Number of protein chains: 2
Amino acid sequence: MSSDSSSTRTTRLRQRSQDRRENERKELHRLILDAAAELFAQGGYEGFSLRRVAEHIGYSPGAIYRYFDDKDDLLFNVADEGFKRFQSAQRAAALSSDDLAHSMRAMAAAYVAFGREYPNHYRLMFMERPDLLFQSHQDQAVEWLNALSEYQVIFAAAVQAGVLRQGDSAAMSDTWWAMLHGIVALSITMNFLFDEARTEHLLQTALEMFFRAYGSNAL
Amino acid sequence: MSSDSSSTRTTRLRQRSQDRRENERKELHRLILDAAAELFAQGGYEGFSLRRVAEHIGYSPGAIYRYFDDKDDLLFNVADEGFKRFQSAQRAAALSSDDLAHSMRAMAAAYVAFGREYPNHYRLMFMERPDLLFQSHQDQAVEWLNALSEYQVIFAAAVQAGVLRQGDSAAMSDTWWAMLHGIVALSITMNFLFDEARTEHLLQTALEMFFRAYGSNAL
DNA sequence: TATCGTTGTGAACAGTGTTCATTTAGATTG
DNA sequence: CAATCTAAATGAACACTGTTCACAACGATA
């Protein structure tokens, strides 16, 4: 009994200490990631450096390598969190209305809003280093592709609901994406030309164009 | 007479040697710029370094600073040459037909073709560092803005010619640009998704959308 | 108590842009 | 021709960057 109880006690102790160490690991992992996201959001891709992240959290640069393979690995995690936020905003917009035409407009608005709110994340995800999310981590890449193919599902549903006319729904989806990406990219990159008002006006004009061309009540 | 002739002779000599030195300066300026453009076109923005340019032409890194203020200054000149090419291609497309609808399609095709042919230049000009061309060199910035406003001239002409319906021609121009930029940017950044065929199909679909919505024969 | 394994450090390496004193070489002058 | 002056090119330095690795510290385990 004594040996048995001591055995379980030590087992429990070992378990607890192991858990605690694991938590500490996760905490530092989070600390690094948060600091990285913050510094990245502020300084963008160019001004981002591991040494600054390390200094910001009070560790030596080498310590980061215990938690991330690479600078790219760290950037991937930053981008991935951005994408999760992006995706959830898109989903919320998609579900915001029963009217698919309204949903699509809400999604477009959310798309542009995300780009303008997190320009550096958008840059990283869709402009600078999309390879981070498609090439390096193939498991995540599948998630991304699924998310992107959700657009096609919505377009198919919109066609079936009579909101969009019939046609090449894959091409429609590409056009939709290119249109929104063009607006956001110009707004981010040429922000001295495209202030919020001009961007908003551009978005409305583009949506009008899209639905005038592809809406079911067009010709 | 002898003093006079010798005076003119030395003057001529001085003139010639000065010209030659000036030519040598221009030659090295060109040599650096060409090497930079080549290395940049190959390696893109990230892989581009002054030291590599210097090594490529057989000079020490510091020598470049006799001919360019900065790395940015050198990049500006690379981008500027890209823009001149871009602009001349656009102009040629604009003048390629009397039919403004054809001209616009040709300009769109030339726009996308430029992006796909010189992706790194396009990135630099319109995605990575547009500040190089708008902020730092204000005299050049005016040229750029004029070039961009040429679009609006064409749109106004298209409206007057009855090719496009009347409306907010500035917004139409923005939409046109955003559409083309979106297509090129996606094609460049997501080149593993958008191969040439898909990009071409996307362009045609987008043009169809544009003219369906804004063409004069639309409702 | 001794051993082991993990963690963080600090120094090093190769690379970057940039500056500057110094050499080099060609042009100009006496 | 000799001396001087000027412009160019260099090479070494500085402050950065990402990354690696031997080593020290320290808590967990035996």
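Each chain gets a letter, A, B and so on, in the order its sequence line appears, and its residues count up from 1. Keep in mind it's a predicted model, so treat the numbers as computed, not measured.
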Hits for side chain to side chain donor-acceptor pair (under 3.5 Å) against B:D70, two or more places apart or cross-chain, chain-then-number order -> none
Per atom distances to the B:Y59 side chain, the nearest of C:dA12, C:dT7, D:dT10 is D:dT10
Rounded to whole Å, the CG-P distance (A:L75 to D:dG18) equals 10 Å
note: A:E24, atom CD; D:dC26, atom P; distance rounded to Å ~ 14 Å
Separation of C:dT16 atom P from B:R52 atom CZ, nearest Å, is 7 Å
Q) At under 4.0 Å between heavy atoms, what does B:L28 touch on the DNA or RNA strands: base, sugar-phosphate, or nothing? A) sugar-phosphate
**OP:** Check whether the ring centres of B:F114 and B:H121 lie less than 6.0 Å apart, and answer yes or no.
**Re:** no
Considering just the side-chain nitrogens and oxygens of B:R25, establish if one lies under 4.0 Å of OP1 or OP2 belonging to D:dA7. no
In whole angstroms, the gap separating C1' of D:dT17 from NZ of B:K71 amounts to 12 Å
Atom CZ of A:F68 and atom P of D:dT20 are separated, to the nearest Å, by 16 Å
- Message: Does B:R51 contact C:dG15 through a side-chain donor or acceptor facing the base, at a distance under 3.5 Å?
- Response: no
ask   = Is the NZ or CZ atom of A:R129 positioned over A:Y45's six-membered ring, under 6.0 angstrom from the centre and within 45° of the axis?
value = no
What residues 42-50 of chain A contributes to the DNA chain D interface at heavy-atom separation below 4.0 Å is A:F48, A:S49, A:L50
Practice task
Answer yes or no: is there a donor N or O on one side and an acceptor on the other, between the side chain of A:S103 and the main chain of A:S97, under 3.5 Å?
Solution key: yes
*Less than 4.5 Å apart, any side-chain heavy atom of A:Y67 and any of A:R25?*
yes
Q) Under 4.0 angstrom, heavy atoms only, what part of the nucleic acid is A:Y67 near: base, sugar-phosphate, or nothing? A) sugar-phosphate
message = Check this one for me: any side-chain N or O of B:Y65 less than 4.0 Å away from OP1 or OP2 of C:dG17?
response = no
By salt bridge (charged side-chain N to carboxylate O under 4.0 Å, His left out), B:R105 pairs with (sequence neighbours left out) none
### Contact check, side chains of A:V53 and A:F40, non-hydrogen atoms, under 4.5 Å
no
Taken to the nearest whole Å, NE2/B:H29 to C1'/D:dA8 is 16 Å
Among the nucleotides D:dG18, D:dA9, C:dT18, whichever has the atom closest to the side chain of B:R66 is D:dA9
Winner on side-chain proximity to A:S60, out of C:dT18, D:dG11, C:dT9, is C:dT9
To the nearest angstrom, the CD-P distance between A:E55 and C:dG8 comes to 18 Å
Atom NZ of B:K26 and atom P of D:dA8 are separated, to the nearest Å, by 14 Å
